[in-house]
Structures are given as structure tokens and as C-alpha cells.
Amino acid sequence: MADSAVVEPRLLRGLRDLLPDQMRARQQMIDTIRGVYESYGFVPLGTPSLEYLDVLTGSAGQEANQSLFRVRNPDRTEREQTEDPTERLGLRFDLTVPLARVIAQYPNLPRPFRRYQVASVFRADKPDPGRYREFTQFDIDSVGVESDLADTEIIAVACDALSALNVGPYQVRFSSRRVLNLLLEFAEVREPITLRWPKGTTARHMADESGTRAARDVFRVLDKLDKVGFERVKLELTAGYQDESGDMIPGLGLEDSQVERIRAFLAVEGERRDDVLRQLRELFSGLPDATAEIDGLARISDRLGGLGYAEDRVRLDLSIARGLAYYTGPVFEARLMEAPQYGSVFGGGRYDDLVTRFLGQRIPATGGSMGVDRLLAALVEKERIRLVPSTAQVLVTTLDPGLTDEYLAIAGELRRAGIRTEPFLGKPGYGQSKKQFRYADQCRVPISVVLGGDEKQAGVVIVKQMDVGRQLTQQAGDRAAWLEMRPGEIRVPRADLVAAVRERLRLLGE
RNA sequence: GCCGUUGUAGCUCAGUUGGCUAGAGCGUCUGACUGUGGAUCAGAAGGUCUCGGGUUCGAGCCCCGACAACGGCACCA
């Protein structure tokens with residue numbers, strides 16, 4: 001291979017190409033979501049893929065650092081960058097941090113600033129099935145609004161977007177980080193937490209652990225409840241354990257009585273939001289700050305109810321923790337009932353302190369993020385979206401090289417009539433007809449237009465509907481009969497071509 | 001990051017205790033067929049057997065190492 005100049009075509013793992021059929025479906029989805037977001041009056045924002053490393057880090061706690069793609073700053077030498085970390089660059093890992101930067105950097109933006117943004121984000125984690133190192137998020141956020149009206153609206157717009165996408169039944173679950181903070185109070189969890197390692201732990205396991213955690217680390221553990229069940233969560237909250245691979249998982253060292261209180265909190269659940277609220281008021285009746293927070297959740301619930309978002313698709317679920325450290329108020333996530341294995345397809349919450357880093361001044365904000373890739377994968381699996389690899393509605397075949405100008409004229413006519421049309425640009429010729437029809441078939445172009453010498457002389461064209469033949473090809477038959485079939489074809493006067501094509505497309509629902 | 005499995009044609013895989021020029025199916029291309037998608041038939045292209053070292057008269061096969069992919073765990077803003 002060394003002496004030949006070819007480079008092996010390849011991608012870093014976790015990255016992928018999006019071929020036309022995927023790309024088309026994704027664009028349709030994005031258009032749909034954008035339509036819903038704009039119907040609420042949100043405005044688009046674009047930011048660069050690259051940001052300074054110090055802009056990106058620090059916001060999401062330690063988690064952010066390890067999965068960042070780092071990029072060399074072309075204006076600085078390697079040495080300069082190493083000596084001055086503020087000169088280093090990285091690829092954005094979400095759209096929320098860049099938004100916070102923009103808010104701080106453009107103080108004249110109108111407030112509330114309600115923006116949407118759809119873009120690739122990058123994480124250098126180990127890829128898993130359905131989890132990539134570059135993926136697309138479609139974010140929507142309201143910045144500068146203290147009121148829980150803003151949170152209510154984010155939940156509503158998420159519901160509307162999911163409905164518009166025809167994803168089937170879905171459920172948005174919400175809770176509040178502040179209620180979870182009350183839980184820490186209720187369970188008497190004190191700062192800081194000292195990690196407790198299970199028996200048999202060696203120094204190697206503990207190497208890069210700091211030994212203490214913040215109390216909110218409890219939330220990160222609770223977030224796993226769905227996935228691993230309460231027993232496993234309990235172990236991680238108390239003494240830690242050794243998992244199947246032999247890894248030592250440190251415990252948070254809580255007492256049994258504390259875990260009991262957490263269990264009682266998690267037992268607060270129900271179909272009806274006001275039922276959950278009632279139980280919660282009872283459980284937290286000894287906490288002076290609880291009433292105000294629970295009232296806030298009640299307001300969101302009531303307003304959503306008033307807007308018609310009923311219990312079947314919006315639930316108050318106190319186990320929604322969301323691991324992210326920066327949430328400060330209501331948090332929410334959505335999942336598809338028909339495809340729960342895809343996890344959360346929309347998630348977010350209130351983050352009132354995120355802009356503080358850049359401005360030194362607190363600016364309330366709330367918002368969420370639609371996981372475009374997960375959603376697309378789920379829709380494809382559930383056959384709720386069609387994968388079509390071409391944009392053309394019509395292929396003009398080129399049987400007779402002498403009629404080339406005519407073919408181009410036909411394509412032009414159809415395009416002016418608003419019909420997406422492609423002339424066959426490969427080798428023309430009567431003998432090439434097989435290839436041309438096969439091309440139309442493979443690309444799923446719904447209609448072919450055929451014009452040879454015979455038709456030219458008769459002043460007609462053939463409009464051929466490809467799906468008729470596509471079905472017939474399933475059955476075997478002898479060649480003569482096959483050639484005779486000419487499935488799905490109609491002959492129309494040349495002058496009626498546009499009308500005939502338009503009518504066919506209408507019947508096909510294209 | 002940890003544990004495990006696997007690397008042979010574009011894809012899925014076969015390949016005898018280590019033995020001649022490394023095979024099949026599917027796919028691709030060409031023709032049968034200057035006017036129709038499928039099927040059929042004939043033919044063709046496509047391989048440094050992941051890479052590097054070792055053992056051997058001889059390695060796709062055995063040994064060591066690296067890399068990669070896949071699966072599980074941890075992580076997942």
C-alpha cells in the first residue's frame with residue numbers, strides 16, 4: 001500500500017456519514033420541529049462549532065472535560081497553548097453553553113430572548129449503538145424569564161413538536177431540581193459526602209477519585225433508577241459494590257434511615273399530577289420551604305392542564321433527576337412509549353446560574369433539547385418515516401441521443417411547473433433503457449417520462465408510474481411476457497405532459 | 001477506563017493435525033437483450049488473509065505484540 005498513493009477511506013469511530021435517504025428524512029424532521037418552535041415565536045441562532053476551552057468547561061462540572069474534542073488554535077503555537085489554557089479550543093458539546101456565552105456577549109439582545117438552534121455537537125466518549133461522537137441537537141430556550149410560565153411553555157412546545165412529528169404516543173415527565181434539594185434536606189444529607197469504598201478496593205481503583213462528593217451527587221445516582229432498579233441504587237447510596245466486570249463502585253455512605261426517606265420520596269407517584277402533589281405536600285410537611293416549591297410545580301401542572309396537555313402525555317414524576325449539575329428548577333424529559341429503548345428524546349430544565357460564569361450576574365433561563373438522531377432512529381424503526389434517497393419526482397429518460405434538447409426542454413417545463421425533475425445524465429440510447437429504469441427504481445423516483453422516436457412522431461409522451469412495476473417484479477415470469485407488460489404506463493399528448501404528471505403525483509400523494 | 005469475543009473480497013462467511021495458484025453465496029459490472037425495472041444463463045472485476053515480529057523446509061491456520069471492530073460494565077451535561 002505504501003507505493004500506491006490511495007488513502008484508505010475511513011472515519012474515526014463514532015462518526016458517520018449521512019447518506020441521502022437518511023439526510024432527507026432528517027431534514028423533514030428538522031423542518032417540522034422548526035415550524036412548531038417558530039409557531040411559538042422562537043427565533044433562530046447560530047454559533048460556531050469551535051469555542052475556547054475555558055468557555056466550554058466548568059459549566060457541567062467535571063464530566064465535561066473528559067469527553068471534549070480538543071482543537072489546535074491556528075493563531076498560537078503548541079507551546080503557547082500549553083502555557084496559556086485560555087488559548088486552547090474545543091468542539092462544543094452542547095448548545096446551552098454557547099447560548100450562555102451569547103447572552104453575556106450581546107447585552108442588547110431583547111429579553112426575554114427566546115431562541116432555537118439546531119446543530120451538531122461533539123463528545124469524545126466511547127460510542128455505543130445509537131450513540132455517536134457527533135450528533136444533532138435541536139435546542140429551544142427562554143433566557144431572562146424568572147417565571148415558570150417559561151418552563152410551562154417549554155413543556156408545551158416539546159409536546160407540540162412530538163405530536164407534529166407523528167411519533168406515536170409519548171410522555172413528558174417533569175419534576176424540579178428544587179424539590180430534589182428539599183429531598184436532601186428531608187433525608188438529612190450533609191455536605192460534603194465522603195465516599196465509601198467496598199471491601200477489596202485497591203489503590204488503583206481509587207486513583208482518580210477525589211474522595212468526596214457534593215450532596216447533589218445523590219441525584220446522579222437517582223437518575224439511574226429506571227435503568228438499574230432500586231436495590232442497585234441503594235448500594236450506591238450506601239456502601240458501594242463491586243460490579244460484574246470487577247469494577248469498584250464507591251458508595252455515598254448514607255445511613256439506612258436516610259435511604260428509607262429517599263425510598264419514601266420515590267414512592268410518591270401516581271397517574272394524576274395533583275395526586276402526586278398532594279402526597280408530596282404530606283411527605284414534606286415538616287419542611288418550611290417546601291410549600292413554595294410545590295406551589296410552583298402545581299402552577300405548571302394546572303396551566304398545562306388548562307392548555308389541554310392531559311395526564312396521559314404530561315406526568316409529574318419525582319424520579320426525574322437528570323444528572324446535570326447546573327439545573328436549578330423544573331426539569332423535564334420526554335420518551336416515546338413505542339420505543340422506550342431509545343431513552344429520552346427530549347430533555348432539559350431550568351438553569352438560572354449558567355450565565356453567571358460569563359457575566360458575573362445571574363440571568364434566569366430554561367430550555368430543552370430534542371435529540372434528533374435518537375428520534376430519527378426510532379421513527380425509522382417504527383416505520384413512521386419513509387426513507388427516500390432522491391429528491392426528484394420525475395426522471396426524464398434519454399432513449400434517443402438525437403432528442404437531447406427535447407429531454408432538457410421537458411425537464412425545464414416540469415421544473416417551471418414546480419415538479420422536481422431530473423433528466424437521466426448517464427449514457428443515452430435505446431439500449432440503455434434497462435439501466436435508466438433501474439436507476440429510477442433504485443432512487444425511488446415515482447415517475448419516469450419516456451419519449452423515443454415513435455412517440456415523438458406520434459406527438460405523445462409516456463408517463464410511467466414506477467411503483468406499479470415495482471410490485472410486479474416480485475413475481476417471476478418469462479422475459480417476453482415481462483417485456484410486454486409495460487406496467488403503469490399511460491400515453492398522453494405531448495402538450496398535456498405537465499398536467500398528466502401533476503395528476504399522477506397527486507394520486508400518489510407526492 | 002475495565003472485562004470478553006472476533007479480525008479472510010463491497011457484505012455474510014468457509015478454509016482439513018500447518019502443504020501447491022485462498023474459495024462460496026450475495027452484491028457490483030458486462031453480455032445474452034439499439035425500447036422497460038424482476039427472473040434466468042454466460043462471463044468479468046474485486047484479496048499484501050488487519051498490521052508487525054517469531055516458530056517452521058513451508059503460516060490464513062501455531063506463538064508474542066500492536067491496532068481495529070463488536071459485546072458487556074462504568075460514564076453519558
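Since we're looking at a predicted model, the values are computed, not measured. A note on names: the letters A, B, ... follow the listed sequences, proteins ahead of strands, and every chain is numbered from 1.
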Taking only N and O in the side chain of [X], is any of them less than 4.0 Å away from OP1 or OP2 of [N]?
X      : N      : value
A/R438 : B/rC29 : yes
A/R131 : B/rC75 : no
A/K427 : B/rU34 : no
A/K224 : B/rA74 : no

Go ahead and name the base partner of [N]; Watson-Crick or wobble counts if both distances stay under 3.5 Å, otherwise write none.
N      : value
B/rA45 : none
B/rC26 : B/rG10
B/rC51 : B/rG65
B/rG18 : none
B/rA32 : B/rU40
B/rC70 : B/rG4

[X] side chain: which of [options] is closest?
X      : options                : answer
A/E489 : B/rA77, B/rA74, B/rU36 : B/rU36
A/D94  : B/rG35, B/rG38, B/rA77 : B/rA77
A/K126 : B/rA77, B/rC76, B/rC2  : B/rC2
A/V450 : B/rA74, B/rG35, B/rC75 : B/rG35

Taking only the [atom1] atom of each, what is the distance from [N] to [M] in whole angstrom?
N      : M      : atom1 : result
B/rG1  : B/rG15 : C1'   : 38 Å
B/rA68 : B/rU55 : P     : 27 Å
B/rA22 : B/rU16 : C1'   : 14 Å
B/rC70 : B/rU30 : C1'   : 37 Å
B/rA24 : B/rG46 : P     : 15 Å
B/rA14 : B/rC75 : P     : 36 Å
B/rA69 : B/rU28 : P     : 28 Å
B/rC51 : B/rU6  : C1'   : 16 Å

Hey, is the side chain of A/Q432 pairing donor to acceptor with the base of B/rU34 inside 3.5 Å?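 Donor-acceptor pair under 3.5 Å: no.
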Roughly how many Å is it from [atom1] in [X] to [atom2] in [N], rounded to a whole number?
X      : N      : atom1 : atom2 : value
A/R486 : B/rU36 : CZ    : P     : 6 Å
A/R220 : B/rA74 : CZ    : C1'   : 10 Å
A/Q137 : B/rC76 : CD    : C1'   : 12 Å
A/R491 : B/rU36 : CZ    : C1'   : 14 Å
A/K434 : B/rU28 : NZ    : P     : 12 Å
A/Q442 : B/rU36 : CD    : P     : 17 Å
A/Y439 : B/rG38 : OH    : P     : 16 Å
A/F219 : B/rC76 : CZ    : P     : 15 Å

Heavy atoms under 4.0 Å, any strand shown: does [X] hit a base, just sugar-phosphate, or nothing?
X      : answer
A/I462 : base
A/D454 : base
A/G347 : nothing
A/L399 : base
A/G429 : nothing

Do we get [X] above [Y]'s six-membered ring, with its NZ or CZ under 6.0 Å from the centre and within 45° of the axis?
X      : Y      : answer
A/R16  : A/Y132 : yes
A/K464 : A/F437 : yes
A/R114 : A/F42  : yes

Given the side-chain rings of A/Y37 and A/F138, with only the six-membered ring counted for Trp, is the space between their centroids under 6.0 Å?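 Centroid separation for A/Y37 and A/F138: below 6.0 Å.
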Does the gap between the ring centers of A/Y351 and A/Y326 come in under 6.0 Å?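 Yes, the ring centres sit under 6.0 Å apart.
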First encountered from the 5' end of RNA chain B, between A/G431 and A/L12: A/G431
With nearest nucleotides of RNA chain B determined for A/K435 and A/Q465 from heavy-atom distances, which residue corresponds to the more 5′ nucleotide? A/K435
Assess the residue pair A/F346 and A/V157 against the criterion (side-chain contact (heavy atoms from CB on, under 4.5 Å)); give the C-alpha distance rounded to whole Å, side-chain angles, the decisive distance to 0.1 Å, and a yes or no. CA-CA 11 Å; A/F346 180 91; A/V157 78; 5.5 Å; no
Face-to-face stacking of A/Y430 with B/rU34, centres under 5.5 angstrom, angle under 30°: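 Per 5.5 Å and 30° rule: no stacking.
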More than 12 foreign heavy atoms under 6.0 Å from NZ of A/K224: is that the case here? yes
For side-chain contact (heavy atoms from CB on, under 4.5 Å), just list the numbers for A/E333 and A/V172, CA-CA rounded to whole Å, side-chain angles, deciding distance to a tenth of an Å, and then say yes or no. CA-CA 6 Å; A/E333 59 184 55; A/V172 180; over 6 Å; no
